[in-house]
Amino acid sequence: MSYLRPRQLLLLSLLAGFLTMALKTLAWYLTDSVGFLSDAIESLVNVAGASFALMMVTLAKRPADEQHPFGHGKAEYFSAAFEGGMIFLAALAIMFTAVERLLNPQPLLALNIGIALTVLASLLNLAVGLLLVKGGQQHQSPALEGDGKHLLTDVWTTAGVVIGVVLAALTGFIWLDALVAILVALHILREGGSILFKAINGLMDRALPAEQIATIEQIFVELGNRQAQFTHLRTRAAATQAFAQADLLVPGDWSVERAHQLADAAEQQLLSLGVQLTVHIEPLDYNSSDNRLLNPTVH
């Protein structure tokens, strides 16, 4: 379990991003390897992504206001979308450089130092990436999880770059350096697509996870009885925030206070789970089709 808060984790990611970018840029400068250059460009994306994620997490924590009555939680999805877009731009830059080097091969220099610097940067990314993914899952933060997965992807791409550069040096096939860079570009394009899909899905009011919905339904069943019934449950997630709406059907002879107490009890129990519930109270007509238990198929 991560004991760091989202803002602290993103500050750590930003610091690590600047350090790894410096190490990888130095490795590229010393070796003139386009493979190492592709790795350095991806590190630049890490820094830009972490910076934007930090801004969006700060915005997401702002309380609700008149213009945003449900809060600012969805701002985090813009961070994931921004990082996915940055990955696409980085992939295009890498592809352009790699194709040019493939057509005009250049000798590789000072590989031992370059490889050592790159491996050191990769180990740093691995440690920070694991922290971010765990923190993102713990805090239900798409910004943290997206940034962490990007860093872990960077670890694998760095490993591929190092292998490709070593093979190019050992075999004398310098074009392998450029080929590895192209493969890196294709790989991060796939990762960028995944991050973008998740961001877009979040902005479309995705329902809460099935296990969380099942817990809510169980609470409704326990609170309800033959007289009062919760029905028409609808849920949505907004980054770290969770919302639910439901109808409460009560007998027509119930007082407003009695119905309100039952609705309050449901709202308080869900609030303890981190879900903000809104209950709409309706009279229950025992001769109507509305006399039914919670319908779990409508979320």
Side-chain angles (χ1 to χ4, degrees), residues 1-27 35-36 38-58 60-61 76-87 90-91 115-164 183-184 186-199 201-202 209 211 237 239-240 274:
M1 178 177 293
S2 172
Y3 294 97
L4 296 176
R5 301 189 66 80
R7 183 179 173 82
Q8 295 171 320
L9 286 167
L10 287 171
L11 283 172
L12 178 63
S13 173
L14 188 57
L15 178 62
F18 277 113
L19 184 55
T20 56
M21 183 175 66
L23 290 171
K24 291 181 178 183
T25 301
L26 182 58
F36 285 156
S38 69
D39 217 19
I41 290 176
E42 189 175 8
S43 293
L44 174 62
V45 174
N46 292 345
V47 171
S51 301
F52 195 77
L54 184 59
M55 289 189 294
M56 291 300 101
V57 165
T58 302
K61 293 301 180 185
E76 289 201 35
Y77 291 113
F78 288 105
S79 171
F82 174 81
E83 186 153 8
M86 286 291 294
I87 288 176
I115 289 173
L117 291 171
T118 302
V119 169
L120 177 61
S122 186
L123 291 175
L124 181 60
N125 274 340
L126 176 63
V128 176
L130 290 173
L131 274 176
L132 288 174
V133 170
K134 184 177 293 186
Q137 293 170 347
Q138 177 188 341
H139 298 288
Q140 297 183 4
S141 170
L144 281 178
E145 194 172 352
D147 198 26
K149 287 183 176 180
H150 185 194
L151 287 180
L152 294 180
T153 300
D154 193 25
V155 172
W156 289 107
T157 56
T158 298
V161 166
V162 170
I163 292 173
L183 293 176
V184 167
L186 294 175
H187 181 64
I188 66 175
L189 272 175
R190 177 177 176 274
E191 181 67 15
S194 174
I195 292 175
L196 278 174
F197 175 79
K198 186 170 184 179
N201 192 34
E211 58 272 15
T240 58

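A quick note: this is a predicted structure, and the numbers were derived from the prediction, not measured.
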Side-chain atoms of residues 118-129: list all donor-acceptor pairs with protein atoms under 3.5 Å, sequence neighbours left out, distances to 0.1 Å.
{"unit_1": "Thr118", "atom_1": "OG1", "unit_2": "Gly114", "atom_2": "O", "d": "2.8"}
{"unit_1": "Asn125", "atom_1": "ND2", "unit_2": "Asp154", "atom_2": "OD2", "d": "2.7"}

Considering all heavy atoms of both residues, which atom of [X] and which atom of [Y] are nearest to each other, and what is their separation?
{"X": "Lys24", "Y": "Ser43", "answer": "CD-OG, 3.1 Å"}
{"X": "Ala91", "Y": "Leu189", "answer": "CB-CG, 3.5 Å"}
{"X": "Phe36", "Y": "Val162", "answer": "CE2-CG2, 4.3 Å"}
{"X": "Lys149", "Y": "Val133", "answer": "N-CG2, 3.6 Å"}
{"X": "Gly135", "Y": "Leu9", "answer": "CA-CD1, 3.8 Å"}
{"X": "Leu12", "Y": "Leu131", "answer": "CD2-CD1, 3.8 Å"}

Gap between atom [atom2] of [Y] and atom [atom1] of [X] - 0.5 Å precision:
{"X": "Thr25", "Y": "Ile41", "atom1": "OG1", "atom2": "CD1", "value": "9.0 Å"}
{"X": "Leu15", "Y": "Leu11", "atom1": "CG", "atom2": "CG", "value": "9.0 Å"}
{"X": "Ile163", "Y": "Thr158", "atom1": "CD1", "atom2": "OG1", "value": "11.0 Å"}

Practice task
Could you tell me which residues satisfy side chain to side chain donor-acceptor pair (under 3.5 Å) with Ser13, sequence neighbours excluded, listed by chain and number?
Solution key: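 With sequence neighbours excluded, Ser13 shows a side chain to side chain donor-acceptor pair (under 3.5 Å) to Asp147, given in chain and number order.
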Problem - Matching residue for Met21 among Leu26, Asp39, Val47 - test: side-chain contact (heavy atoms from CB on, under 4.5 Å) - result: Val47
Practice task
Keeping the roles fixed (side chain from Ser38, backbone from Gly35), state whether a donor-acceptor pair exists under 3.5 Å.
Solution key: yes
